[in-house]
Every structure is written in structure tokens, then in C-alpha cells.
Participant: 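Provided herewith is a single structure, encoded as C-alpha cells, for subsequent inquiry.
Both backbone and side-chain heavy atoms feed into the values below; hydrogens, waters and symmetry mates do not. Note that the structure is predicted; figures quoted are calculated from it, not measured.
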Amino acid sequence: MIWRMTSFLKRADPANEIWIKADWCDLSLPENYLDLVMGDMPWTVISIREQEELRDKIASILKTDGLFITRARLRNPARARENGLEVIQRFLEKLDNHPEKYHLIGNEAVSYLHDITADAEGKRTNEAKTKALVLEATALSRNPLHKKFLEGISRRSMGANWTSQTHEELLAILDKEFHIVAELNATDYDSEWYPVM
């Protein structure tokens with residue numbers, strides 16, 4: 001990841017860089033040390049308790065005027081009331097209209113279905129429920145392309161139950177140490193629920 005990210009830089013001098021591979025919560029950096037910390041969706045892969053530890057650690061190693069830039073995956077609570085099979089049908093229609101976006105549509109479908117099947121009280125995705133819903137749709141499908149697509153997404157990122165929070169729930173944690181100065185969205189995918197803050 002470090003080498004791949006470096007390829008995007010216009011000006012970089014590795015002699016001025018220190019690369020650290022570690023659990024962020026265990027970083028042995030002094031307080032007020034960094035100007036900038038960036039993290040792509042760290043909140044999803046750790047528990048709420050760990051989110052609080054991570055928030056505090058990042059705040060302590062950042063300089064007073066330092067910036068923390070992060071992308072988050074947020075749960076849309078309104079989706080919990082939707083019919084999962086009808087939602088899958090809408091994604092299959094989208095696939096029919098844009099077969100060139102096969103993988104992107106698959107990612108969007110899995111993310112959407114996670115919101116339908118999420119354990120809102122426990123703030124976790126429910127991978128088993130998501131997979132069961134996709135497999136139910138697969139069994140009902142008569143279209144070979146749809147079947148292949150659904151079988152593919154039934155295997156995608158299924159296993160761990162990730163942290164799943166609403167915008168308000170995540171901000172309640174971040175606001176204790178950070179002031180949100182901007183919230184933006186990417187334009188090359190459906191990023192409404194994946195803001196960069």
C-alpha cells in the first residue's frame with residue numbers, strides 16, 4: 001500500500017519520510033508529533049471501544065493545528081425497512097443496463113444489503129444474514145448472468161461482522177477530540193455513505 005500510494009505523489013522524497021507499520025493504538029510516537037494523519041475506513045474494522053482508543057491516540061500525536069483525514073463507511077438506517085429481494089432486483093436491473101460496471105455494482109449491492117441486514121443495536125454488520133439473502137435471490141434467479149453475479153457477491157467479504165454506524169453515531173465518537181471542518185464525497189462511485197472527513 002505504501003509503495004502504491006507513493007506513486008500518486010507529485011513531489012516525494014523518501015529521505016524525508018518515516019514509514020511505520022504498527023497497530024495505530026500502540027504507536028510509540030511523542031505527543032504533538034505529526035502534522036497530518038490519514039486513514040481509509042479504520043472505523044469499520046475495529047470495535048467501538050477501540051474506536052475511542054484510536055481517536056484519542058490520533059488526537060495525542062497530532063499537532064494542535066494538525067489535520068486528520070479519514071474516509072468512513074456509514075450505515076443508512078432507513079434501508080433496514082426495505083425488502084432485500086426487491087433491492088437485489090434493482091441492482092440486477094442496474095447490472096443489465098451497465099454490464100461494464102459489474103464489479104462496482106457488486107460492491108454497491110453488498111454495501112446496501114449490509115445496511116438492510118445490520119444489527120443496528122449491536123452496531124455490527126450481519127454477514128450471515130446478508131449472505132442468506134443473496135443466496136435466496138440466487139436460488140430464485142433464472143438468468144445465468146444474474147446467477148453468476150449473485151454467487152460472486154455471496155462470496156465477497158463475507159465472514160467478519162464489521163462495525164456498522166450511522167453518521168450521528170460515528171460523529172458522537174469523533175467529536176470528542178476533533179472538529180469536522182469538511183465532509184466530501186468521491187464522484188467515481190456511489191459514495192454518499194462513504195464520506196471523506
Participant: For the residue pair T163 / W43, report whether a side-chain donor-acceptor contact shorter than 3.5 Å exists.
Facilitator: no
Participant: Counting C-beta onward and ignoring hydrogens, is there a side-chain heavy-atom pair between Y194 and S111 closer than 4.5 Å?
Facilitator: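 Side chain of Y194 against side chain of S111, heavy atoms only: contact under 4.5 Å found.
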Participant: Tell me, with the steps shown, if F91 and L113 meet side chain to side chain contact (heavy atoms under 4.5 Å, CB included).
Facilitator: CA-CA 11 Å; F91 278 103; L113 295 173; 5.9 Å; no
Participant: Tell me the closest heavy-atom pair linking A109 and I153, and the distance in Å.
Facilitator: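 Closest pair (atom of A109, atom of I153, distance): CB-CD1, 4.2 Å.
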Participant: Among side-chain atoms of N126 and H114, is any donor-acceptor pair under 3.5 angstrom?
Facilitator: no
Participant: What distance do I88 atom CD1 and E136 atom CD have between them, rounded to the nearest 0.5 Å?
Facilitator: 8.0 Å
Participant: Check whether L85 and L135 end up in the same hydrophobic cluster, where Ile, Leu, Val, Met, Phe, Trp and Tyr are linked by side-chain heavy atoms less than 4.5 Å apart.
Facilitator: no
Participant: Between R71 (side chain only) and G39 (backbone N and O only), is there a donor and an acceptor less than 3.5 Å apart?
Facilitator: no
Participant: Check the surroundings of atom OH in Y189: do more than 12 heavy atoms from other residues, nucleotides or ligands lie under 6.0 Å from it?
Facilitator: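 Yes.
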Participant: Looking at R49 and E53, is there a salt bridge between them, counting it only when a charged N and a carboxylate O are closer than 4.0 Å?
Facilitator: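 Looking at R49 together with E53, the answer is yes, because their closest N to O distance falls below 4.0 Å.
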Participant: If you compare all heavy atoms of L150 against all heavy atoms of S141, which two are closest, and at what distance to 0.1 Å?
Facilitator: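 Closest approach of L150 to S141: CD1-CB, 4.4 Å.
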Participant: For the residue pair E93 / H98, report whether a side-chain donor-acceptor contact shorter than 3.5 Å exists.
Facilitator: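 Their side chains do not contain a donor-acceptor pair, so the 3.5 Å distance test is not met.
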Participant: Hey, what do you get for CG (N76) to OG1 (T166), rounding to the nearest 0.5 Å?
Facilitator: 10.0 Å
Participant: Quick check: does any side chain N or O of E50 sit under 3.5 Å from a backbone N or O of S47, one acting as donor and the other as acceptor?
Facilitator: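 Confirmed, E50 side chain pairs with S47 backbone.
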Participant: So, T44 side chain and W162 main chain: donor-acceptor pair closer than 3.5 Å or not?
Facilitator: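 Flag not set: sc T44 to bb W162 has no pair under 3.5 Å.
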Participant: Taking I173 as the starting point, is it possible to reach V45 by hopping between hydrophobic residues whose side chains are less than 4.5 Å apart?
Facilitator: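 Per the 4.5 Å side-chain linkage, V45 and I173 are not co-clustered.
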Participant: State whether K176 and E52 are salt-bridged, where the test is any N-O pair (Lys NZ or Arg NE/NH1/NH2 against Asp/Glu carboxylate O) under 4.0 Å.
Facilitator: no
Participant: Take I105 and F149 through the side chain to side chain contact (heavy atoms under 4.5 Å, CB included) test and state the conclusion after the steps.
Facilitator: CA-CA 10 Å; I105 293 168; F149 173 79; 3.9 Å; yes
Participant: Under 3.5 Å, side chain of E177 to main-chain N/O of L174, donor-acceptor pair present?
Facilitator: no
Participant: Is there side-chain contact between E183 and V196, with heavy atoms separated by less than 4.5 Å?
Facilitator: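 Heavy-atom side-chain distance check fails, nothing below 4.5 Å.
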Participant: Within the structure provided, determine whether P42 and L54 are in side-chain contact (heavy-atom separation under 4.5 Å).
Facilitator: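 Answer yes - side chains close enough.
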Participant: Is any side-chain heavy atom of V87 less than 4.5 Å from a side-chain heavy atom of R90?
Facilitator: yes
Participant: Side chains of E127 and T130: is there a donor and an acceptor less than 3.5 Å apart?
Facilitator: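 T130 and E127 do not have a side-chain donor-acceptor pair below 3.5 Å.
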Participant: Considering residues, nucleotides and ligands other than M41, do more than 12 of their heavy atoms fall under 6.0 Å from its CE?
Facilitator: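 Yes, the 6.0 Å shell around CE holds more than 12 heavy atoms from other groups.
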Participant: Hey, could you give me the CG/CD distance between L170 and E168, rounded to the nearest 0.5 Å?
Facilitator: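 Going from CG on L170 over to CD on E168, the span is 10.0 Å.
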Participant: Salt bridge or not for E108 and K94, using N-O below 4.0 Å?
Facilitator: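 Between K94 and E108 there is a salt bridge, with a charged N closer than 4.0 Å to a carboxylate O.
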Participant: Will you find, in the side chains of S164 and R75, an N or O donor that is under 3.5 Å from an N or O acceptor?
Facilitator: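 There is such a pair (donor and acceptor under 3.5 Å, judged by atom type) between the side chains of S164 and R75.
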Participant: Any salt bridge between K63 and D35, counting N to O under 4.0 Å?
Facilitator: yes
Participant: Do K57 side-chain atoms and L27 backbone N/O form a donor-acceptor pair below 3.5 Å?
Facilitator: yes
Participant: Could you walk me through whether W193 and R73 pass side chain to side chain contact (heavy atoms under 4.5 Å, CB included), step by step?
Facilitator: CA-CA 6 Å; W193 300 96; R73 193 276 183 205; 5.9 Å; no
Participant: Is the F68 ring parallel, tilted or perpendicular to the F178 ring (thresholds 30°, 60°)?
Facilitator: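 Tilted.
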Participant: Are V37 and L29 connected, step by step, through hydrophobic side chains (Ile, Leu, Val, Met, Phe, Trp, Tyr) whose heavy atoms are closer than 4.5 Å?
Facilitator: yes
Participant: What are the two closest heavy atoms between V134 and S154, and how far apart are they?
Facilitator: CG1-CB, 3.7 Å
Participant: Do any N or O atoms from the side chain of R155 and from the backbone of E151 form a donor-acceptor pair under 3.5 angstrom?
Facilitator: yes
Participant: Taking the side chain as C-beta and beyond, is there a heavy-atom pair between I61 and N32 under 4.5 Å?
Facilitator: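 Side-chain contact under 4.5 Å: no.
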Participant: Could you measure the distance from the CD1 atom of I69 to the CG atom of L67? Nearest 0.5 Å is fine.
Facilitator: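 These two atoms lie 6.0 Å from each other.
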Participant: So, taking the atom named CG in L104 and the one named CG in D188, what distance separates them when rounded to the nearest 0.5 Å?
Facilitator: 8.0 Å
Participant: Take L171 and M197, measure what side chain to side chain contact (heavy atoms under 4.5 Å, CB included) needs, and give me the verdict at the end.
Facilitator: CA-CA 10 Å; L171 284 189; M197 302 177 196; 4.0 Å; yes
Participant: Closest approach of P99 and N97, non-hydrogen atoms and distance?
Facilitator: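 Where P99 meets N97 most closely, the heavy atoms are CD-C, 3.6 Å.
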Participant: State, yes or no, whether a side-chain contact exists between P195 and L74 at a heavy-atom distance under 4.5 Å.
Facilitator: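 With C-beta onward as the side chain, the pair touches.
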Participant: Taking only Lys NZ, Arg NE, NH1 and NH2, and the carboxylate oxygens of Asp or Glu, determine whether R124 and D119 approach each other closer than 4.0 Å.
Facilitator: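 Salt bridge flag = no for D119 with R124.
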Participant: If you draw a 6.0 Å radius around CD in E31, do more than 12 non-hydrogen atoms from other residues or ligands fall strictly inside?
Facilitator: no
Participant: In Å and rounded to the nearest 0.5 Å, what is the CG to CZ distance from D115 to R81?
Facilitator: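 Going from the CG atom of D115 to the CZ atom of R81 covers 12.0 Å.
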